[in-house]
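Here, residue 1 is the first one in the sequence, and each next residue gets the next number.
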Amino acid sequence: MSLKKINTVLAAAFILFILWFGTEFILRPETVAPGFGLPSWPSGDGGGFLIIKGIRDVVLALVMGVLLVTGHRRALGWVLLVEALAAYGDMTTVLAHHGSVPTALGVHGLTATLMVANGLLVMRETRKVAAAPATPALQPA
């Protein structure tokens, strides 16, 4: 299997997972929120922040999906690297608020690290294309 196919499968898996997870946060935040790793449900009107998190995840997935479908692979690599910061941010948030360490590291940290690996692999795959010198045009005699 070629590096391009592996990268495509990994990126598609991330897109589908993040899209599913975000949609769950929008439609059923009370069901999904406990698995996020924070120690308690938001009090008062804090449940709306869970829907915001879901919308963020759906948008992140759609950005990656558009780049994958349109063939902008180098941009996809960069976006995977940058969007991994959201998962690292989720990990840091769970840890900073005394949430579940296994969930913080095993879900958010692992997801972020795999996104970085996928992004770096896509960047490696596209490096030759980006670094290829332009061929000079033939001059008429």
**Q.** Pairs meeting criterion salt bridge (charged side-chain N to carboxylate O under 4.0 Å, His left out) with involvement of residues 84-110, two or more places apart
**A.** K53-D90, R56-D90

Q: May I ask whether M64 and W78 are part of the same hydrophobic cluster, defined by side-chain heavy atoms of I, L, V, M, F, W, Y residues being less than 4.5 angstrom apart, directly or through others?
A: no

**Q.** Common cluster, L16/V66, ILVMFWY with side-chain heavy-atom separation under 4.5 Å
**A.** no

Q) How far apart are the closest heavy atoms of A11 and L76, and which atoms are they? A) CB-CD2, 4.0 Å

Q) Looking only at heavy atoms, what is the nearest atom pair of A112 and A87, with distance? A) CB-CB, 3.5 Å

Q) Do the side chain of H108 and the main chain of T93 share a donor and acceptor less than 3.5 angstrom apart? A) no

Q: Please report the shortest heavy-atom distance between A33 and L50, naming the atom on each side.
A: CB-CD1, 3.7 Å

Q) Considering residues at least two apart in sequence or located in another chain, which fulfil the side chain to side chain contact (heavy atoms under 4.5 Å, CB included) criterion with V107? A) T103

Q) What pair of heavy atoms forms the shortest contact from S100 to V94, and how long is it? A) O-CG1, 3.5 Å

**Q.** Parallel, tilted or perpendicular: rings of F17 and W20 (30°, 60°)
**A.** tilted

**Q.** Separation of L38 CG from L95 CG (nearest 0.5 Å)
**A.** 10.0 Å

Q | Member of L85, L81, I18, V82 meeting the side-chain contact (heavy atoms from CB on, under 4.5 Å) criterion with M115 | A | I18

Q. What distance do L68 atom CG and L10 atom CG have between them, rounded to the nearest 0.5 Å?
A. 11.0 Å

Q. Of all residues at least two apart in sequence or in a different chain, which pass the side chain to side chain contact (heavy atoms under 4.5 Å, CB included) check with L114?
A. F14, L110

Q.
Do L19 and I26 land in one hydrophobic cluster if side-chain heavy atoms of ILVMFWY residues count as linked below 4.5 Å?
A. yes

Q | side-chain contact (heavy atoms from CB on, under 4.5 Å) between L105 and M91, intermediate numbers included | A | CA-CA 7 Å; L105 300 177; M91 176 189 75; 3.9 Å; yes

Q: Report the residues that fulfil salt bridge (Lys or Arg N to Asp or Glu O under 4.0 Å) with E83, sequence neighbours left out, ordered by chain and then residue number.
A: none

Q. Can you name the one residue among T8, T126, N7 that meets side-chain hydrogen bond (donor to acceptor under 3.5 Å, both in side chains) with R73?
A. T8

Q.
Could you walk me through whether V58 and F25 satisfy the side-chain contact (heavy atoms from CB on, under 4.5 Å) test, starting with their C-alpha distance in whole Å, then the side-chain angles of each, then the deciding distance to 0.1 Å, before giving a yes or no?
A. CA-CA 10 Å; V58 168; F25 261 98; over 6 Å; no

Q. Is any side-chain heavy atom of V122 less than 4.5 Å from a side-chain heavy atom of R74?
A. no

(Q) Suppose we screen for side chain to side chain contact (heavy atoms under 4.5 Å, CB included). Which residues come up paired with T92, at least two apart in sequence or across chains? (A) none

(Q) Please tell me whether F21 and L80 are part of a single hydrophobic cluster in this structure, the criterion being side-chain heavy atoms less than 4.5 Å apart. (A) yes

Q: Determine, using the 4.5 Å side-chain heavy-atom cutoff (strictly less than), whether Y88 and V101 are members of one ILVMFWY cluster.
A: yes

**Q.** salt bridge (Lys or Arg N to Asp or Glu O under 4.0 Å) involving R28 - partner list, sequence neighbours excluded
**A.** E24

